[in-house]
Amino acid sequence: MSLAAITGTASSDPSPSPASTPTVQSAAGRPVMVDCLWHAQVRPTDFILACGDGNSRLTSLRWSQWHQDSAVAEGFNVVNDCRPDCAGGKFHSYPVIVRLNAPQPWKKHPDLSHYTQLSLVYTKGKPDGFGQWLDLPLWN
């Protein structure tokens with residue numbers, strides 16, 4: 001599946017995807033992602049989805065878009081299978097396309113907006129019990 005399939009458009013963001021995460025000031029009015037420690041991030045390369053136990057995270061994110069209304073990346077969802085339990089489970093990596101949308105003002109910093117919805121599309125394999133497409137709310 002191509003990025004155009006999830007975004008519906010080709011990338012029009014002229015800025016290259018940087019090797020490291022830029023500072024929040026470089027967001028230039030664009031939304032941020034809020035991580036588990038309540039830090040604002042722009043184009044993070046890694047992002048924890050399961051803050052309580054770290055059993056699901058996004059890694060090796062390569063952002064092709066970071067716009068006012070949405071952002072798109074390719075990377076991997078690394079998920080613990082929790083068999084026989086989460087302490088004894090193994091982590092498995094699944095290629096995904098990540099889409100962020102639904103930006104809202106961030107309660108902690110009302111001058112910043114943050115993405116509140118994350119969608120994953122599994123492009124080759126997926127965790128047991130997951131659908132090909134997964135929608136998750138992001139905290140604020």
Side-chain angles (χ1 to χ4, degrees):
M1 176 176 289
S2 72
L3 287 176
I6 190 170
T7 65
T9 62
S11 175
S12 59
D13 188 354
S15 61
S17 184
S20 62
T21 303
T23 63
V24 173
Q25 290 77 18
S26 71
R30 294 183 185 168
V32 298
M33 287 182 80
V34 178
D35 69 14
C36 295
L37 299 174
W38 300 101
H39 297 136
Q41 296 186 6
V42 176
R43 295 181 185 250
T45 55
D46 299 297
F47 190 81
I48 294 176
L49 295 174
C51 290
D53 57 17
N55 283 322
S56 180
R57 64 185 178 271
L58 299 173
T59 64
S60 304
L61 295 173
R62 295 173 317 279
W63 296 93
S64 61
Q65 297 180 28
W66 194 278
H67 298 299
Q68 192 64 30
D69 60 344
S70 65
V72 177
E74 288 185 84
F76 296 90
N77 183 203
V78 180
V79 181
N80 188 344
D81 63 18
C82 291
R83 283 185 249 156
D85 54 44
C86 292
K90 293 184 177 151
F91 284 89
H92 303 274
S93 184
Y94 304 94
V96 291
I97 297 172
V98 178
R99 181 179 172 99
L100 305 174
N101 57 24
Q104 299 291 322
W106 184 16
K107 291 177 186 173
K108 183 175 178 179
H109 293 285
D111 55 320
L112 289 176
S113 63
H114 71 104
Y115 295 111
T116 63
Q117 185 71 32
L118 178 140
S119 298
L120 299 178
V121 176
Y122 292 93
T123 60
K124 185 177 179 187
K126 59 185 176 55
D128 290 342
F130 283 45
Q132 204 67 34
W133 188 292
L134 179 65
D135 289 319
L136 301 169
L138 291 174
W139 42 89
N140 60 15

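The stretch residues 49-58 participates, sequence neighbours left out, in these side-chain hydrogen bond (donor to acceptor under 3.5 Å, both in side chains) pairs: Asp53-Asn55, Asn55-Asn80, Ser56-Asn77. Screening residues 83-117 for disulfide bond (SG atoms under 2.5 Å apart) gives Cys82-Cys86 as the qualifying pairs, with residues at least two apart or on separate chains.
Across Pro31 and Pro103, no two heavy atoms sit closer than the pair CG-CB, 3.6 Å. Taking each heavy atom of Trp63 and Ala71 in turn, the nearest pair found is CZ3-CB, 3.8 Å. Across all their heavy atoms, Arg30 and Gln68 have their closest contact at CA-OE1, 3.7 Å. In terms of heavy-atom proximity, Val96 sits nearest to Thr123 at N-OG1, 4.2 Å. Minimum heavy-atom separation, Gln65 to Arg43: C-NH2, 4.2 Å. Looking at every heavy atom in both residues, Arg62 comes nearest to Gly75 through NH1-CA, 4.5 Å.
To the nearest 0.5 Å, the span separating CH2 on Trp106 from CE on Met33 amounts to 12.0 Å. The NE2 atom of His39 sits 6.5 Å away from the NZ atom of Lys108 when rounded to the nearest 0.5 Å. To the nearest 0.5 Å, the span separating CD1 on Ile97 from OH on Tyr122 amounts to 12.5 Å. Rounded to the nearest 0.5 Å, atoms CG (Leu100) and OG1 (Thr116) are 9.5 Å apart.
Grouping the Ile, Leu, Val, Met, Phe, Trp and Tyr side chains by contacts below 4.5 angstrom, directly or via other members, places Leu118 with Leu134. Tracing side-chain contacts under 4.5 Å through hydrophobic residues (I, L, V, M, F, W, Y), one reaches Phe130 starting from Leu136; they form part of the same cluster. Using a 4.5 Å cut-off between side-chain heavy atoms of Ile, Leu, Val, Met, Phe, Trp and Tyr, with links allowed through other members, Leu112 and Val34 fall into the same hydrophobic cluster. Leu120 and Phe91 end up in different hydrophobic clusters when Ile, Leu, Val, Met, Phe, Trp and Tyr side chains are linked at under 4.5 Å. Val79 is connected to Leu49 through a chain of hydrophobic side-chain contacts under 4.5 Å among Ile, Leu, Val, Met, Phe, Trp and Tyr, so both are in one cluster.
Residues Leu138 and Phe47 meet the side-chain proximity criterion, which asks for heavy atoms closer than 4.5 Å. Side chains of Asp46 and Leu58 form no contact here, defined as non-hydrogen atoms less than 4.5 Å apart. By the 4.5 Å heavy-atom criterion applied to side chains, Arg99 and Trp133 are not counted as neighbours.
Listed by chain and residue number, nothing satisfies the ring pair (Phe, Tyr, Trp, His ring centres under 6.0 Å) test with His92 (two or more places apart in sequence, or in another chain).
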> What do the steps show when you test Ile48 against Asp35 for side chain to side chain contact (heavy atoms under 4.5 Å, CB included), and what is the final call?
Replying inline: CA-CA 7 Å; Ile48 294 176; Asp35 69 14; over 6 Å; no

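Ser119 and Asp135 share a donor-acceptor pair across their side chains, judged by distance under 3.5 Å alone.
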